[in-house]
Amino acid sequence: MPDTPLPVVPHHEIVIVGAGFSGLGTAIALARAGFDDVLLVDDAAGPGGTWHWNTYPGVAVDIPSFSYQFSFAQRSTWSRSYAPGRELRAYAEQIVDEYGLAPRLRFGTRVHSASFDGAAARWTITTSTGEITARWLIHAGGPLSQPKLPDIDGIDSFKGETMHTSRWDHDVTTAGKRVGIIGTGATAVQVIPEIAAGTEQLTVFQRTPIWCLPKPDFPLGSVGRAGLAAIPGVRQAARLASQAFVEATFPVLAHFHKWIPGTDVLEVAARNYIRAQVSDPVTRDKLTPTYALGCKRPSFHNSYLATFNRANVALETTSIEAITPTGIRTTDGTEHLLDVLILATGFKVTDRDALPTYRLTAADGTDLAEHWEAGRFHSYQGVATAGFPNFFTVFGPYGYNGSSFFTLVENSAAHIVRVLDEARRRDATTAEVTSTAQESYMESILARRPLQVFSNPSCAGANSYYFTQQGDVPFRASTTLEAAWQSRRFPLTAYAFAG
Ligand code: NAP
């Protein structure tokens with residue numbers, strides 16, 4: 001009896017890994033283009049990605065809500081100009097309902113590996129809930145999804161309650177307790193002011209201070225919301241103003257710093273802000289970064305700095321020696337006794353097991369993470385990588401220019417749909433970006449490197465997750481308009497279609 005041949009037709013035409021806004025936005029773009037056989041898998045129990053997982057006190061957006069939403073699904077219902085996290089989580093759920101995505105979602109499914117079979121033009125994806133095959137694979141995992149625990153001795157020895165901010169345990173109370181928090185990134189900046197007043201004592205363990213700027217956060221109120229909903233043009237005007245604000249404060253200042261040194265001006269404003277907010281001069285100095293604003297993602301909060309004026313809040317800048325059963329010992333021998341330890345220590349962003357979060361291999365066995373590690377991050381518009389046919393990333397290297405994440409998703413989705421449309425038109429079963437197109441894109445992006453704020457030598461002391469171990473900052477050095485145009489108008493000759 002001959003062996004039964006393996007089925008050549010994949011289970012699904014397209015599998016998307018991740019049901020955060022990247023996955024949802026891409027699925028919607030695909031559906032609009034007539035691609036209906038799409039499965040989204042996610043290890044969470046619901047949609048929303050980062051907004052599903054991050055429920056810590058104070059969680060909110062720090063890009064204005066008028067921008068931090070899909071252009072095609074704008075809301076007039078945000079409670080504030082910077083909406084709280086629960087509203088983003090609800091927004092993801094509404095998007096699923098409005099666009100009929102529920103039947104395409106498979107939650108509680110963690111991808112372990114994906115390997116491409118060149119002859120069958122098909123991905124085999126092993127997951128915690130079984131094997132799936134697909135013609136096309138889209139990685140829509142966000143860069144801030146894998147919690148990073150600090151590599152500190154004794155981390156497992158603490159006898160009190162420990163939690164990473166992205167896995168907040170709402171059964172744990174911080175009220176009336178001695179609480180320690182490690183980290184002063186954007187997450188800690190939101191948590192600290194929110195919990196400080198209720199704690200008996202809050203000790204903030206800071207390794208590198210963060211530049212913190214105020215944000216124009218205000219309630220929209222019922223009148224504001226009604227205006228947004230009912231008055232023609234108001235929502236569009238609010239979005240336009242918001243997009244311009246975001247563009248002017250991130251992509252332009254970061255990528256064209258040499259021409260427009262606006263971060264230097266912001267740095268002066270941020271120093272003045274620290275002076276105005278923090279009363280103790282020693283604490284003020286400790287909270288003032290020594291690296292240029294822009295090397296590391298700045299934070300935006302209206303009460304973070306002032307929280308350090310509280311009598312029950314201490315800023316500890318002596319290095320941590322160990323986590324002990326009773327708290328934290330710093331290198332000066334001080335034992336900080338704690339009941340609750342909060343790890344606001346961020347995420348694996350450019351680590352080898354972070355992008356993607358599973359082993360992905362091309363038909364010749366090349367492992368994508370190894371490939372990127374050996375040859376440094378590279379891609380074509382952050383979406384495709386030569387040598388990896390039928391595979392796309394929504395948030396790949398050199399794809400994101402730093403404006404609203406939703407803009408990135410819409411750009412990447414447009415790019416992917418364009419390639420798949422062309423493959424369908426040609427009846428092709430494979431599409432792969434050419435090395436020539438990729439090299440020319442990378443050259444054009446890297447040529448702008450000297451203009452970027454990241455080339456400032458003081459960035460070396462920033463401990464910024466923007467930088468890879470090799471010292472690269474894999475952002476797309478471009479304006480948003482340029483990125484949007486390129487994503488929709490790239491030459492189709494950039495891809496080789498076959499099959
Ligand atoms: P993060 O920016 O990576 O900050 C992690 C913090 O933990 C840093 O202060 C880091 O110190 C510290 N840390 C890590 N390991 C440590 C160790 N072994 N010992 C001492 N300190 C240690 O992470 P995050 O605050 O979670 O923010 C990540 C990103 O999420 C943000 O940049 C932002 O893009 C996003 N975010 C967005 C929002 C929003 O939009 N609402 C809110 C929160 C977060 P070093 O700086 O010295 O490494």
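Counting starts at 1 for both ligands and their atoms, in listed order.
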[atom] [closest protein heavy-atom partner, distance rounded to 0.1 Å]:
atom	answer
atom 9 (O) of ligand 1	Thr184 N, 2.9 Å
atom 41 (N) of ligand 1	Ala60 O, 2.1 Å
atom 15 (N) of ligand 1	Arg207 NH2, 3.6 Å
atom 12 (C) of ligand 1	Gly183 CA, 3.6 Å
atom 18 (N) of ligand 1	Pro150 CB, 3.3 Å
atom 44 (C) of ligand 1	Thr187 OG1, 3.4 Å
atom 46 (O) of ligand 1	Lys296 NZ, 2.4 Å
atom 35 (C) of ligand 1	Leu144 CD1, 3.5 Å

(request) For residues Phe377 and Tyr398, establish whether the separation of their ring centroids is below 6.0 Å. (result)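 No.
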(request) For residues Tyr68 and Phe406, establish whether the separation of their ring centroids is below 6.0 Å. (result)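 Yes, they do, as the ring centres are separated by less than 6.0 Å.
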(request) Could you tell me which non-hydrogen atom of His257 sits nearest to which non-hydrogen atom of Gln452, and how far apart they are? (result)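 Residues His257 and Gln452, closest heavy atoms: CB-C, 4.0 Å.
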(message) Looking at every non-hydrogen atom in both residues, tell me the closest pair between Val246 and Ser403 and how far apart they are.
(response)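 Where Val246 meets Ser403 most closely, the heavy atoms are CG1-CA, 3.9 Å.
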(message) Heavy atom to atom 33 (C) of ligand 1, shortest distance: which of His164, Gln206, Arg297 holds it?
(response)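 Going through His164, Gln206, Arg297 one by one, Arg297 has the nearest heavy atom to atom 33 (C) of ligand 1.
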(request) Give the single entry among Asp62, Asn54, Thr208 that approaches atom 39 (C) of ligand 1 most closely by any heavy atom. (result)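 Ranked by closest heavy atom to atom 39 (C) of ligand 1, first place is Asp62.
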(request) Examine the proximity of ligand 1 to Tyr56 and report which part, side chain or backbone, both or neither, has a heavy atom under 4.0 Å away. (result)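 For Tyr56, the contact with ligand 1 is made by the side chain alone.
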(message) Check for me whether Arg167 meets the cation-pi criterion with Trp53, that is, NZ or CZ under 6.0 Å from the six-membered ring centre and within 45 degrees of the ring axis.
(response)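 Yes, Arg167 lies over the aromatic ring of Trp53.
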(message) Once you measure the plane-to-plane angle for Phe21 and Phe70, does it fall in the parallel (<30°), tilted (30-60°) or perpendicular (>60°) bin?
(response)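 Phe21 and Phe70: perpendicular rings.
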(request) Quick one: sort the Trp211 and Tyr291 rings into parallel, tilted or perpendicular, breaks at 30° and 60°. (result)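 Rings of Trp211 and Tyr291: perpendicular, as their planes differ by over 60°.
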(request) Take every heavy atom of Ile320, measure it against each atom of ligand 1, and state whether any distance is under 4.0 Å. (result)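 So Ile320 does not count as touching ligand 1.
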(message) Check this for me: does any side-chain nitrogen of one of Glu87 and Arg225 sit under 4.0 Å from a carboxylate oxygen of the other?
(response)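 Looking at Glu87 and Arg225, the cut-off is not met.
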(request) Consider every N or O of Ala344 and every N or O of ligand 1, then say whether any pair is closer than 3.5 Å. (result)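 Ala344 vs ligand 1: N/O contact under 3.5 Å present.
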